[in-house]
Structure formats: C-alpha cells, structure tokens
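These notes concern the structure reproduced below.
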Amino acid sequence: MPELPEVETVRRSLAPVLAGARIEDVAVRGRHVTDEPPEVFRARLRGRRIEGLGRRGKFLVFRLDGRLRLALHLRMTGRLVYEPPEGERLPPPVGGATPGALSAGEGRLAVGWRPEAPFDLRPEHTHLEFRLAGGGRLLFHDMRKFGRAWTWVAGRTRPPYAGLGPEPLGRAFTADRLGRSLAGRRAPVKAVLLDQRTVAGVGNIYADEALWLAGIHPSRPAGSLGPDEVRRLRRAIRLVLRRAVRGRGTTFRDYRDGLGEPGGFAAHLRVYGRAGSPCPRCGTPIAKTKVAQRGTHLCPRCQR
DNA sequence: AGATGATCCTGTATGC
DNA sequence: TGCATACAGGATCATC
C-alpha cells in the first residue's frame with residue numbers, strides 16, 4: 001500500500017522521535033520478516049544508536065552506529081508505529097493539519113486530538129518490536145506478512161534497494177532518463193512505471209494519477225510515447241508525488257504514519273478509487289479496468 | 001529479453 | 001444470515 005509519499009510521511013513523522021535513540025532490544029516474532037536468523041538479526045541491532053532515518057524509493061532506511069543499516073519495506077499493509085513510554089503522550093503530528101483534506105466529521109484529527117496509543121495494532125500481527133532506551137517502542141505491524149526487514153553494513157554489502165531507478169523527486173530523474181527507460185518497450189507504460197527499476201517509489205495509486213494528469217492511456221506501449229508525452233509524464237509524476245507528500249499520503253484503510261495519523265491525500269485523488277465518478281477535467285465517468293494485472297483507473301476521453 | 005501468471009498472506013466488500 | 005468469490009496500496013519467481 002504505501003508508496004513514496006506514504007513512506008516519506010512515515011519517515012518525517014518518526015525522524016524527530018528516533019534520532020539519537022538507542023535500540024535496547026528487538027523482539028522478532030515469526031520467521032518471515034527477515035532472511036537472517038532471528039538471533040543474528042537481534043544481536044546486530046541490540047544496543048545500536050539510531051543516527052538518522054532515511055528513505056530510498058519505498059524503503060525506510062535506518063542509519064545506525066558502526067555503519068550498520070536497517071531497511072524496512074512495508075509492502076501492502078505494513079505499518080511502523082511509535083509507541084511512547086508508559087504515561088507519556090505521543091508527540092504532536094508532523095506537518096500540522098492536512099489542508100482541505102479532512103471533512104467536518106474527521107475534524108478531531110485536524111485539531112490535534114491524539115489517541116493515547118496507536119490504535120488498531122494487533123499483537124498477532126506485530127512482527128518486530130524495537131524496545132528503545134527510555135521506554136518507547138517501535139512496532140512493525142503487518143497483517144499480510146508481506147513486509148520485510150534487512151540489515152547490512154554500509155559499503156560492505158549491497159543494500160536491498162540496489163538496482164532501484166532514480167528518485168522521482170531528485171535531479172537524476174530527467175525526461176531523457178525516463179525516455180530511455182520507456183524506449184523500445186512494448187509493455188504497457190503503466191507496467192513500466194510500476195517497475196521500480198524505472199523510477200523508485202511509484203505504485204498503483206500514483207501511477208494512475210500521473211497517467212491521468214499527463215493524459216496518457218495506461219495501456220499504451222511504453223515505447224510508443226513521443227518526447228512530448230515523456231516530458232509530460234515526468235512532470236506529472238513529480239507533481240503528483242510532491243502534492244501527495246504535502247498531503248501526507250493517501251489513507252484508504254490501513255495506512256498510518258509513524259504516530260498513527262492517517263494521510264490526507266485521498267480526497268485529492270482524481271481517478272484512483274473513483275470509478276463511475278465524473279472526470280475532473282471533462283466529466284466523462286472514470287473507468288476501471290485491469291492493466292498489468294492491477295486495478296487501473298482512467299478517463300476514457302482524456303487518456304487515449 | 002521481456003512479458004505474464006501464480007504466489008506470498010489476511011481482511012473486507014460484494015453477490016448469491 | 002451464511003457462504004463463496006473477488007479484490008487490495010507490492011514485489012518476486014517460474015514459465016512461456
């Protein structure tokens with residue numbers, strides 16, 4: 001579920017809380033979370049200081065002392081949530097109220113109402129539990145068990161995100177670069193966008209949104225896009241991701257940031273999840289089809 | 001080489 | 001109400 005904007009929002013919400021924190025211990029429940037033997041994983045992390053929290057594509061990356069790195073991938077339903085020490089309240093949400101995104105009924109979230117603890121976390125789905133010095137805890141929760149964790153030493157071992165394409169909001173993601181990735185390929189352009197080697201962090205929601213913004217049909221063979229269309233697509237990807245980050249990501253049901261706060265961008269989606277509703281540009285009903293085995297939303301008139 | 005389909009899981013929504 | 005089926009924000013692997 002979480003794509004770049006959601007992972008970035010988790011990162012921003014947790015970075016102030018975790019910077020400088022020490023991991024006293026880690027409980028690993030279940031063997032599926034990491035390829036490493038749980039005892040090895042635990043021994044590597046125990047006692048480490050968290051120097052910073054970064055992101056690469058949809059990977060959250062912890063920089064630990066001794067050049068150790070920890071990466072987490074939330075996949076579809078993963079959540080990483082901070083639980084403050086007993087008796088303490090959660091820190092205030094990061095980024096303030098979500099502009100225009102909350103209806104009146106949801107107002108309690110916008111005016112700073114805080115749950116005492118991250119709600120909706122079920123112990124049987126909590127696969128990693130980091131105990132921090134001072135009594136706070138960091139919980140990796142994932143009902144579908146798709147989420148994964150990796151550790152490695154920077155500069156010695158390949159990170160799990162080696163091979164990802166450029167960061168879409170960075171300088172390396174040029175129209176030229178995107179054009180080369182699409183050139184000569186007969187696969188649907190949407191399938192190529194979902195391939196993390198093309199660009200890192202675009203998933204099903206924002207692929208549909210970007211293709212709608214650019215006015216490009218998701219089934220178009222990637223290699224058939226002209227230079228102008230490639231430029232439009234690059235701009236659309238960057239625009240929609242920047243806006244979604246500002247809106248703190250899209251929450252349908254599961255997604256929450258690191259403090260348990262839902263994202264506010266769902267109300268700004270133009271096509272995703274809006275089958276049957278009028279296209280914001282031309283009024284034609286939004287269609288839902290399947291492209292590259294993924295549910296795909298588009299305007300049949302604006303996108304040809 | 002490159003594309004497609006099955007698969008990993010659980011929860012929820014929909015239809016009969 | 002109960003049951004079956006489809007589908008879900010991701011990614012990998014086997015197969016064609």
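The sequence lines fix the lettering, A, B, ..., with proteins before strands; numbering per chain opens at 1. Note that this is a predicted model, so its numbers are computed, not measured.
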Name the nucleic acid region contacted by A:H125, choosing base, sugar-phosphate or nothing; use a 4.0 angstrom heavy-atom cut-off, strictly under. sugar-phosphate
Base, sugar-phosphate, or nothing: which does A:R122 touch, judged by heavy atoms less than 4.0 Å apart?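 It contacts sugar-phosphate atoms only.
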Look at the side chain of [X] and decide which nucleotide, out of [options], has an atom nearest to it.
X      : options              : answer
A:K288 : C:dA8, C:dT12, C:dG9 : C:dA8
A:M76  : B:dG5, C:dA11, C:dA8 : C:dA8
A:Q293 : C:dG9, B:dG5, C:dA8  : B:dG5

side-chain N/O A:Y206 vs C:dG9 OP1/OP2, d < 4.0 Å: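 So the side-chain polar atoms of A:Y206 never come under 4.0 Å of the phosphate oxygens OP1 or OP2 of C:dG9.
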Does a side-chain N or O from A:H32 land closer than 4.0 Å to OP1 or OP2 of B:dC9, or not?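 No, no such contact exists.
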Where does DNA chain B form stems of at least three consecutive Watson-Crick or G-U wobble pairs, each pair having both distances below 3.5 Å?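 Consecutive-pair runs (3 or more) involving DNA chain B: B:2-8 with C:10-16, B:10-16 with C:2-8.
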Determine whether any donor atom in the side chain of A:E3 lies under 3.5 Å from an acceptor atom in the base of C:dG9, or the reverse, and answer yes or no.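 Absent.
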If we ignore hydrogens and angles and just use 3.5 Å, is the side chain of [X] paired with the main-chain N or O of [Y] as donor and acceptor?
X      : Y      : result
A:R55  : A:G57  : yes
A:N204 : A:D208 : no
A:R274 : A:R270 : yes

Taking atom types as modelled, is there a side-chain donor on A:T151 or A:R44 under 3.5 Å from an acceptor on the other?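 The answer is yes; a qualifying pair exists.
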Any donor-acceptor N or O pair under 3.5 Å, side chains A:Y255, A:E261: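 No donor-acceptor contact under 3.5 Å links the two side chains.
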Closer to the 5' end of DNA chain C via nearest nucleotide, is it A:P160 or A:T296? A:T296
For DNA chain C, the residues among residues 142-151 of chain A that have a non-hydrogen atom under 4.0 Å from it: A:R144, A:F146
Specify the separation, in whole Å, of atom [atom1] of [X] and atom [atom2] of [N].
X      : N      : atom1 : atom2 : result
A:E6   : C:dG9  : CD    : P     : 12 Å
A:R185 : B:dA1  : CZ    : C1'   : 10 Å
A:R79  : B:dT10 : CZ    : C1'   : 15 Å
A:L182 : B:dA3  : CG    : P     : 11 Å
A:R186 : B:dT4  : CZ    : C1'   : 13 Å
A:L74  : C:dA11 : CG    : P     : 10 Å

Expressed in whole Å, how much space separates the [atom1] atoms belonging to [N] and [M]?
N      : M      : atom1 : answer
C:dA6  : B:dA6  : P     : 12 Å
C:dT12 : B:dG11 : P     : 24 Å
B:dT12 : C:dA11 : P     : 23 Å

Hey, do the aromatic rings of A:H32 and A:H127 have their centres closer than 6.0 Å?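 Between A:H32 and A:H127, the centre distance is under 6.0 Å.
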Quick one, A:V81 and A:L121 - any side-chain contact, counting heavy atoms below 4.5 Å?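 Answer yes - side chains close enough.
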What I'd like to find out is whether the side chain of A:L53 reaches to under 4.5 Å of the side chain of A:V10, using heavy atoms alone. no
Please say whether more than 12 non-hydrogen atoms of neighbouring residues, nucleotides or ligands are located less than 6.0 Å from CG in A:D35. no
Tracing side-chain links under 4.5 Å among I, L, V, M, F, W and Y, which residues wind up in one group with A:W150?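 Grouped by the 4.5 Å side-chain rule, A:F59, A:V61, A:W152, A:Y161, A:L164 form the rest of the cluster around A:W150.
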